[in-house]
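Quick notes on the structure that follows.
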Amino acid sequence: MQETAIPESIFAETIQPNQSTRNWRDVIQDYVELTKPRIIVLLLITTAGAMWIASEGKVDAFLMFITVLGGAIASASANAINCLYDRDIDAKMERTSWRPIPSGRIQPRDALIFAIALAIISFILLTVYANLLAASLAMSGIATYVGVYTIWLKRSSTQNIVIGGAAGAIPPLVGWAAVTGELSWAAWALFAIIFVWTPPHFWALALMIRDEYAKVGVPMLPVVKGTEVTANQILLYTLLMVPVSLLLVYPCNVMGLVYALSAIGLGGAFIYKANQLLKEPSDRMVARSVFKYSILYLALLCIAMGVDSLPAAHISGDQAIALLQTTIAVIKP
């Protein structure tokens, strides 16, 4: 396995672009890009979904705003540090060479100060307006993404996204803790859903850009094990994801029939797409389709959680099981 050199100094300067044509709007845009805002949006959906469930659809609007804002700022901090640490390989990959640090639009020292400031702001906001548990969980998310995934595993193991991906499963815990001040089994079920969802989501992307990862020596699964093994792993995790998503129905009993049917339907479509990828593991267009659907799947699953929590739509897990048993009894010869 080819090894990629770790940046010699976190403060090493990059080549400065021509600053004469840059105004304050350009600078702000660069710092926003440093936080990878598109990734943050998906994480915030899971945070909001957890808060909605924990409050049984009666979440305080201000608490929702503060928690989502604090979570967004924490995620932005983690992403900025990731961009800082990975600037050497980002500069060599077509997909990331435009990022503010490798392109020289933001200097490493400035990026580090920015990331630290974001983490402090997030911790203060969540501690003051939510609670210490939510704030601590947000900080653990930063530590996991930076320490476990970015620094430890990304450049050394094919399991980088499996283990390090736990960072992306922490936002629902933050949301749950903000509402209840504790972590119930339902909160950990939400964590498990995102944890199991992450590998098929990210490996589909890795299949699309496997040549770029190979060029910089990052041992993503498609680079080390090949496309067929990766497609097989995507299908296995997707098959596991369906029963895991139903833990909220039983035994946690916080979701009902509307969510259960949605989870089964959305999961079934995910399995179908993963199976199509297994038939054509080297087809980047099929991998792209799986990647895009994985994003849609998570968003729609969270929407289903919200709809199911509405009083008019909610049927508890026990009621859903009883209804299913009754239906089977009626149609059984």
Side-chain angles (χ1 to χ4, degrees), residues 36-46 75 79 82 86 89-90 93-96 99 145 149-150 153-155 157-169 171-172 191-245 262-303:
K36 303 180 185 178
R38 286 180 294 180
I39 296 176
I40 293 176
V41 171
L42 198 59
L43 298 177
L44 298 185
I45 291 174
T46 64
S75 298
N79 289 336
N82 173 266
D86 280 348
I89 59 177
D90 282 349
M93 296 174 65
E94 182 179 349
R95 184 177 68 95
T96 56
R99 285 178 175 170
Y145 187 64
Y149 172 67
T150 302
L153 293 174
K154 182 174 181 178
R155 306 186 188 211
S157 171
T158 58
Q159 295 300 301
N160 46 23
I161 198 59
V162 177
I163 302 171
F191 175 92
I193 292 170
I194 309 302
F195 183 80
V196 177
W197 167 86
T198 300
H201 164 71
F202 195 89
W203 281 332
L205 173 64
L207 283 170
M208 292 162 50
I209 58 173
R210 58 186 180 274
D211 293 340
E212 293 194 52
Y213 280 128
K215 181 172 66 175
V216 296
V218 175
M220 290 299 175
L221 191 62
V223 175
V224 179
K225 299 293 184 179
T227 58
E228 290 186 12
V229 170
T230 304
N232 185 64
Q233 288 296 303
I234 288 175
L235 179 58
L236 288 175
Y237 271 91
T238 305
L239 289 169
L240 176 61
M241 187 173 61
V242 176
V244 169
S245 69
S262 300
I264 292 170
L266 291 169
F270 207 147
I271 291 171
Y272 172 78
K273 285 189 169 291
N275 189 58
Q276 291 297 110
L277 180 61
L278 188 60
K279 296 177 181 178
E280 302 176 272
S282 298
D283 191 323
R284 285 181 169 82
M285 293 306 296
V286 178
R288 181 183 295 275
S289 177
V290 173
F291 174 71
K292 288 185 174 181
Y293 180 76
S294 69
I295 298 173
L296 180 64
Y297 166 87
L298 190 58
L300 292 179
L301 194 69
C302 289
I303 291 173

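When a residue number appears, it is its place in the shown sequence, counting from 1.
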Subject >> Heavy-atom closest pair, residues T238 and P200 >> reply: OG1-CB, 3.8 Å

**OP:** Mind checking the CD-CG spacing from Q233 to L278? Nearest 0.5 Å is all I need.
**Re:** 11.0 Å

Subject >> Beyond-backbone contact of I234 with L207, side-chain heavy atoms, under 4.5 angstrom >> reply: yes

Subject >> Residue that, paired with P171, satisfies side-chain contact (heavy atoms from CB on, under 4.5 Å) out of I40, T46, L44 >> reply: T46

**OP:** For the residue pair F270 and S294, establish whether any side-chain heavy-atom pair is separated by less than 4.5 Å.
**Re:** yes

Subject >> Straight-line distance of D283 CG to Q276 CD, nearest 0.5 Å >> reply: 10.5 Å

Subject >> Check against side-chain contact (heavy atoms from CB on, under 4.5 Å), V244 and W197 >> reply: CA-CA 10 Å; V244 169; W197 167 86; over 6 Å; no

Original post:
Heavy atoms, side chains only, cut-off 4.5 Å: are S75 and I39 in contact?
Top reply: no

Original post:
Side chains of K225 and T158: do they bring a donor and an acceptor to under 3.5 Å?
Top reply: no

Original post:
Hey, what do you get for NZ (K215) to CD1 (I89), rounding to the nearest 0.5 Å?
Top reply: 11.5 Å

Original post:
Of all heavy-atom pairs between V290 and A204, which one has the smallest distance, and what is that distance?
Top reply: CG1-CB, 3.9 Å

Subject >> Side chains of N82 and K154, donor plus acceptor under 3.5 Å >> reply: no

**OP:** Hey, could you give me the CZ/NE2 distance between F291 and H201, rounded to the nearest 0.5 Å?
**Re:** 4.5 Å

**OP:** Answer whether the closest heavy-atom distance between the side chains of P199 and Q159 falls below 4.5 Å.
**Re:** no

Subject >> Reported CG-to-CZ distance for the pair L43 and R38, which is rounded to 0.5 angstrom >> reply: 13.5 Å

Subject >> Minimum heavy-atom distance between P281 and A231, given as atom pair plus value >> reply: CB-CB, 3.8 Å

**OP:** May I have the step-by-step check of side-chain contact (heavy atoms from CB on, under 4.5 Å) for M285 and M208, ending in yes or no?
**Re:** CA-CA 8 Å; M285 293 306 296; M208 292 162 50; over 6 Å; no

Original post:
Would the number of heavy atoms belonging to other residues, nucleotides or ligands and lying under 6.0 Å from CD of E228 be above 12?
Top reply: no

**OP:** Would you mind reporting whether D86 and R155 have side-chain heavy atoms less than 4.5 Å apart?
**Re:** yes

Subject >> V223 vs V218 side-chain heavy atoms within contact, under 4.5 Å >> reply: no

Original post:
To the nearest 0.5 Å, what is the distance between CD (E212) and CZ (R95)?
Top reply: 7.0 Å

**OP:** Please examine the side chains of I161 and L153, heavy atoms only from C-beta on, and report whether any two atoms are closer than 4.5 Å.
**Re:** no

**OP:** Please assess L277 against L235 for the test side-chain contact (heavy atoms from CB on, under 4.5 Å), listing each intermediate value before the final yes or no.
**Re:** CA-CA 8 Å; L277 180 61; L235 179 58; over 6 Å; no

**OP:** Of all the heavy-atom pairs spanning L239 and P243, show the shortest one and how long it is.
**Re:** O-CD, 3.0 Å

Subject >> Heavy-atom side-chain proximity of F202 to V162 below 4.5 angstrom >> reply: no

Original post:
Would you call the rings of Y297 and Y293 parallel, tilted or perpendicular if under 30° counts as parallel and over 60° as perpendicular?
Top reply: tilted

**OP:** Verify, without hydrogens or angle tests, whether T198 (side chain) and I194 (backbone) share a donor-acceptor contact under 3.5 angstrom.
**Re:** yes

**OP:** Mind running side-chain contact (heavy atoms from CB on, under 4.5 Å) on R284 and E280 for me, showing each step along the way?
**Re:** CA-CA 9 Å; R284 285 181 169 82; E280 302 176 272; over 6 Å; no

**OP:** Check V242 against G267 and note the closest heavy-atom contact, atom names and distance.
**Re:** CG2-CA, 3.7 Å

Original post:
Quick check, are the ring centers of Y237 and W203 under 6.0 angstrom apart?
Top reply: yes

